There are 2 protein chains.
Amino acid sequence: MLNEAVNLENSPGTGEGPERRVRDRGATERAILAAAKGLLAEEGFQNFGINAVARRASCDKQLIYRYYGGLDGLVEAIGADLGTWVKDRIPEDAGGMFLLTYGDLMERLSLLLLDALRSDPLMRRILAWEISENTEQVRRLSEARSKALALWLERMRGSLAPPKAVDAAAVNAVVIAAIQHLVLAAAAGGQCAGLSLKTPKDWEKAATALKRIVRGVYG
Amino acid sequence: MLNEAVNLENSPGTGEGPERRVRDRGATERAILAAAKGLLAEEGFQNFGINAVARRASCDKQLIYRYYGGLDGLVEAIGADLGTWVKDRIPEDAGGMFLLTYGDLMERLSLLLLDALRSDPLMRRILAWEISENTEQVRRLSEARSKALALWLERMRGSLAPPKAVDAAAVNAVVIAAIQHLVLAAAAGGQCAGLSLKTPKDWEKAATALKRIVRGVYG
DNA sequence: CCCGTTACTCACCGATTGGTGACAGCGGGG
DNA sequence: CCCCGCTGTCACCAATCGGTGAGTAACGGG
């Protein structure tokens with residue numbers, strides 16, 4: 001019923017067939033993944049859904065089901081893609097790696113992580129997602145992100161052992177928590193606990209405080 | 001569902017059962033606000049909407065529009081209600097206030113804030129909401145929460161001045177950021193940066209690390 | 001040439017969302 | 001008394017959501 005005006009002919013001769021979609025599965029898959037990552041990074045997880053991704057990728061949502069098995073699979077693909085994050089963010093020179101003390105190392109790492117997160121909207125959105133939801137979907141993505149972070153830290157740390165006097169794992173977790181929350185709060189509202197986080201000058205202050213904290217613990 | 005027995009008399013003398021409200025605007029308004037707070041605290045902001053609140057309050061959503069002017073007004077009412085948070089969370093004895101140093105104070109305050117947030121799901125959800133969205137709605141709620149926190153800190157701090165050698169505002173913001181993120185991550189996934197945050201023993205570790213950090217800065 | 005596989009599109013489904021207009025029932029004031 | 005206003009209920013709207021089944025168009029091997 002109501003099938004009027006459905007069978008319009010689109011004869012190939014007249015005018016131009018606007019943007020002919022080429023039959024290239026690989027390209028389509030890549031377009032979908034890119035659309036998903038871009039959408040998540042720019043809009044956040046709130047409006048992240050099958051329809052929105054398909055709209056952004058300019059393809060039918062059916063293809064998402066076919067190629068990725070739905071949103072879950074797509075999210076998983078994003079997680080897998082996060083593995084490349086590490087490679088992109090490791091300075092290959094390893095120039096600063098003649099650092100002497102664990103304090104030197106952690107100070108440097110803290111600032112590097114701060115900058116890395118500040119310049120990575122996708123990572124931020126995933127982080128915010130982790131905190132706001134606890135579905136299986138998010139949990140798997142979270143695991144991939146956590147693993148990427150751990151790998152990054154391990155690569156950067158090298159073979160320098162932490163001091164035995166303090167519980168370095170716990171202290172580092174607290175420091176990382178601070179960094180992550182600062183970045184998230186800044187991206188969302190431009191401030192955290194009364195401290196403005198907008199201008200480079202603001203960030204200078206935050207970085208100084210962070211350094212002081214790390215130095216206070218590790219000397 | 002099946003609201004039969006609504007129009008029964010509510011004579012004050014009889015032992016009445018479960019809280020029946022009959023044409024009582026005040027009670028309805030309170031029920032709506034309570035439903036909104038409970039829903040936000042338990043379910044999070046993801047499924048927080050007119051329909052859900054009305055469902056939980058067992059009333060028609062039209063009343064929410066009438067009495068609060070929609071979700072925005074309701075959220076604002078929650079924000080206003082947050083003012084009571086401070087009063088509920090200040091130990092009146094002020095017993096520990098013979099603290100001598102700023103370091104003593106900040107260590108105590110950090111642990112108090114950690115526990116306060118750990119035991120307050122509503123506050124946690126609002127915090128997560130702030131980080132995930134940046135609508136006008138959230139911004140106003142965020143402001144109320146931020147103000148409540150600042151007031152709490154001020155009341156607890158008393159008249160003890162911070163040392164001039166460090167940028168106490170920035171350092172404290174970083175510490176607060178760490179506390180908030182630890183609590184949020186724990187509530188969501190039970191861990192943060194590889195540090196498990198489930199058992200009291202886990203929290204002991206985190207608290208120790210936090211204390212060490214504060215002491216490292218403020219001596 | 002035909003024919004099957006593959007890549008892709010479209011129409012439709014039920015459910016739920018935010019939002020609005022109309023209406024019923026009670027109660028107090030004229 | 002009647003009437004009006006307040007409280008609460010219901011039906012309905014358009015839009016969007018995730019999800020599915022059926023159909024179409026290109027390609028490539030025989």
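Below, read A as the first sequence line, B as the second, and so on, with proteins coming before strands; counting in each chain starts at 1. Note that the coordinates shown come from a computational prediction; the quantities given were computed from them, not determined experimentally.
- Going from atom CZ of B/Arg23 over to atom C1' of D/dC4 covers 12 Å, rounded to whole Å.
- Ring geometry, B/Phe45 versus B/Trp129: the interplanar angle falls under 30°, so the pair is classed parallel (tilted spans 30 to 60°).
- Checking C/dG21, C/dT9, D/dG19 against every side-chain atom of A/Asp60, the shortest atom distance belongs to C/dT9.
- Residue A/Thr28 places at least one side-chain N or O closer than 4.0 Å to OP1 or OP2 of C/dC8.
- Between B/Asp72 atom CG and C/dG18 atom C1' the separation is 12 Å, expressed in whole Å.
- Residue A/Arg25 places no side-chain atom within donor-acceptor reach of the base of C/dA7, judged by atom type and a 3.5 Å distance cut-off alone.
- The nucleotide whose nearest atom lies closest to any side-chain atom of B/Leu63 is, among C/dC10, D/dC10, D/dG8, D/dG8.
- Checking D/dG18, D/dC17, D/dT9 against the side-chain heavy atoms of A/Arg55 singles out D/dC17 as nearest.
- Look at OH on B/Tyr67: it is 12 Å from C1' on D/dG5, rounded to the nearest Å.
- Of all non-hydrogen atoms in A/Ala54 and A/Asp60, the two that sit nearest each other are CB-C, 4.1 Å.
- Residues passing the ring-ring contact (aromatic ring centres under 6.0 Å, His included) test with A/Tyr68, sequence neighbours excluded: none.
- Regarding contacts with the backbone of C/dG18, a side-chain N or O of B/Asn51 is found under 4.0 angstrom from either OP1 or OP2.
- To the nearest angstrom, C1' of C/dT16 lies 11 Å from CG of B/Asn47.
- Cation-pi geometry between A/Arg89 and A/Trp152 is not satisfied (NZ or CZ under 6.0 Å from the ring centre, within 45° of the ring normal).
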Applying side chain to side chain contact (heavy atoms under 4.5 Å, CB included), run through A/Leu210 and B/Val171 and close with a yes or a no. CA-CA 7 Å; A/Leu210 196 56; B/Val171 169; over 6 Å; no
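- Dashed line: the shortest gap from a side-chain N or O of B/Tyr65 to OP1 or OP2 of C/dT20 is not under 4.0 Å.
- B/Ile50 places its CD1 atom 17 Å from the P atom of C/dT16, with the value rounded to the nearest Å.
- To the nearest angstrom, C1' of D/dG18 lies 19 Å from OH of A/Tyr68.
- As a whole-Å value, the separation of A/Lys61 NZ from C/dC8 P is 18 Å.
- Where A/Phe48 and A/Gln62 meet DNA chain D, the nucleotide closest to each residue was compared, and A/Phe48 sits on the side nearer the 5' end.
- One atom, CD1 of B/Ile64, and another, P of D/dC10, lie 15 Å apart when rounded to the nearest Å.
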